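All chains are named by letter (A, B, ...) in the order of the sequence lines, taking the proteins before the strands, and each is independently numbered beginning at 1. Since the model is a prediction, treat every value here as computed from it, not as a measurement.
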Amino acid sequence: MALLMLENVSVAYDNQYILQNFHLHIERGQLISLLGPSGCGKTTTLRLIAGFLEAKDGRFLFEGKDYTRVPVNKRNFGFVFQSYALFPHLSVYDNVAFGLRLRKASESEVKKRVTAILDVVSLGGFEKRFSKELSGGQRQRVAIARALVIEPDLLLFDEPLSNLDANLRINMRVEIRRIQQELGITTVYVSHDQEECFSISDQVAIMNKGVIEQLDAPATIFKYPKTEFIARFIGFTNFIAFGERTEQNGQIILRTGNHTFVAANHPGTANPSGKKCALRPDDLLVTTEDAQDVNRLQGIVKVSTFLGRSYQYVVETELGDFTVNQEMETPYRSGQKVNLLFPKDKMVLVD
Amino acid sequence: MQEKNRGLALFTLLVFLFLLGPLLIISFTSFEPGTVLKFPPEGFSWRWYENILEVEMFMTTFKTSMFVSLAGNLLALALGIPAAYALSRFQFKGKAALNAIFISPVLIPGIVMGFAMLKYVIIVYDLPIYAGLLAGHTVLMLPFIIRVVASSLANFDFAVEEAALSLGAGRLETFFKVVLPNIRSGIIAAILIAFLESFNNVDISVFMTGPGVSTLPIQMLTYVENNFDPTIAAISVLLMIVTAILMFIIERLIGLSYFTKR
């Protein structure tokens, strides 16, 4: 059984549902990210798990026990805030010791554990400093240490890196992943930064309008998005909506108007209701030759821009505009007639 | 340019003279050795300062004033801090209205407040004078406490409170261990501001005092009706010094700009 289970949960503000019939299962020891645009309900989900919000309906099970009505301070979950939320009136040492003292640990025990955890986050020697004397990255590490020292059953991150600058963000996310794996602690991580989530997570849940549209390993999502929303979210820019989908000789035949396309059978086309073809700009091919018959579409180069390594073309066709990136020596001119080729095995079919 | 600055400096000087002149005159006259207020004084003596201690009513009313201002302060804190916390922390229906009600004692003329309190506290509910006086001063101080505490809570990141909860602290424990220590200077400033308002208050006290119970400012008023000696000047100087010291502390804690933002 999963460690954490949200079953049929609903959350509403002023009769406006943010989450409705929401389900989420998390296995022990995993780092799972909730990713999505602002307002998609990811922070609400996290705050619900933490206990800052109460579910209107549904159940929250943790280790098989009903946690739905357990108050925050009885849950033993560590929470790391976007604003760090260090206690401004306490030193680094006292900040980290706060949770231990509430648990009535002896001062020698407190000292031992605080020192040990400050070493884990590489902040040994900073015990006497106050929050305002630390940099953003150091503050966040204190916040992580403070959440970890109580040996929480679950660690929760709410956009912990979004107030840091770009280089620090990359260092810190590696750090977070290292600590998480070292301690083997189950973690839920919320962010709107795709790269951040994909790089550190075992599983990513992409959320939209209060619903998880896909929950998979990062590489799976990256290659085989299930819905158009996810496809667009992770960089698929080209779409063709087909009216008809049939299977023939282990291939998938797609028709729209008088155009017929063929897609190979792979995990990205397995969804039987997927009738919309998605392609990344890097996976389309542009050519002036007429060689191939299937999966070919005639068009005219509308815009041609130089991206450094490759050229990017916007090609106008009967089925709409397509964006293509292609590395080449001499670029096509605007207004030039070209053929677009759709590789069978790169086509992904989404809802 | 030079000319214009000199004009401005002169103007500023005149304004200062206008504002501080009476205080300076009072200060000088308090050292008058004769029995009648005179400016400039004809000599130098501490005799009227000594007289303060000799007039028994000044000492009793001073004690009453101190008691009412300090005890009222505690009551106003007990009511005002939770109110300020609720107004800053939560969103709820009628919040704006509540805010307005809590601030209203500042906006309503003191004389109206005083009369209304007299009507209800003394006449309708027939409270003892001492209790009525205390109630009046609590109401008087409440808006100052709420405003100053709320403005220091406005700079408080409530995520800090959630952090304490997530670490296992209960709601009350969080309030005392995390919220209070971080708004400490705001609370001290609130106490001092409310104290000054209450200690110097005349318009509410005048309705709430009665036979045998009076505050220092009221006693001073009564005294000048019958006496013309410089004792009042001496008391005024002492009050000015105390006020100046308290103001200095407030300035250190939250800045005097608080008073100009009203």
Exercise. So, the side chain of A:R113 versus the backbone of A:V149: is there a donor-acceptor pair under 3.5 Å, distance only?
Worked result: yes
Exercise. Is a side-chain N or O of A:Q20 found less than 3.5 angstrom from the main chain of A:G210, in a donor-acceptor match?
Worked result: no
For this session: Go through the atoms of A:F98 and report whether side chain, backbone, both or neither lie under 4.5 Å from a heavy atom of chain B.
Result: side chain
For this session: Below 4.5 Å from any heavy atom of chain B, which atoms of A:R146 appear? Answer side chain, backbone, both or neither.
Result: both
Problem set entry | Aromatic ring pairing B:Y125/B:Y120, orientation class (parallel under 30°, perpendicular over 60°, tilted between) | tilted
Exercise. Does one side chain, of A:D66 or A:T68, offer a donor that lies under 3.5 Å from an acceptor on the other?
Worked result: yes
Seminar exercise, completed: Turns out that what part of A:R47 lies under 4.5 Å from chain B's heavy atoms comes down to side chain
For this session: Considering only heavy atoms and a distance below 4.5 Å, find which of A:Y84, A:F87, A:F79 pairs most often with chain B.
Result: A:F87
Problem set entry | Contact origin within A:L86 toward chain B - heavy atom pairs under 4.5 Å | backbone
Exercise. Given a strict heavy-atom distance threshold of 4.5 Å, which part of A:F81 is in contact with chain B: side chain, backbone, both, or neither?
Worked result: side chain
Problem set entry | Beyond-backbone contact of B:S65 with B:P217, side-chain heavy atoms, under 4.5 angstrom | yes
Problem set entry | Heavy atoms from other residues, nucleotides or ligands near CZ of B:F16 exceed 12 (cutoff 6.0 Å) | no
Exercise. Taking every heavy-atom pair that is under 4.5 Å apart, which of A:G51, A:P88, A:A147 has the most such pairs with chain B?
Worked result: A:P88
For this session: Side chain from CB out, backbone as N, CA, C, O: work out which of these in B:E161 comes under 4.5 Å of a heavy atom of chain A, or both, or neither.
Result: neither
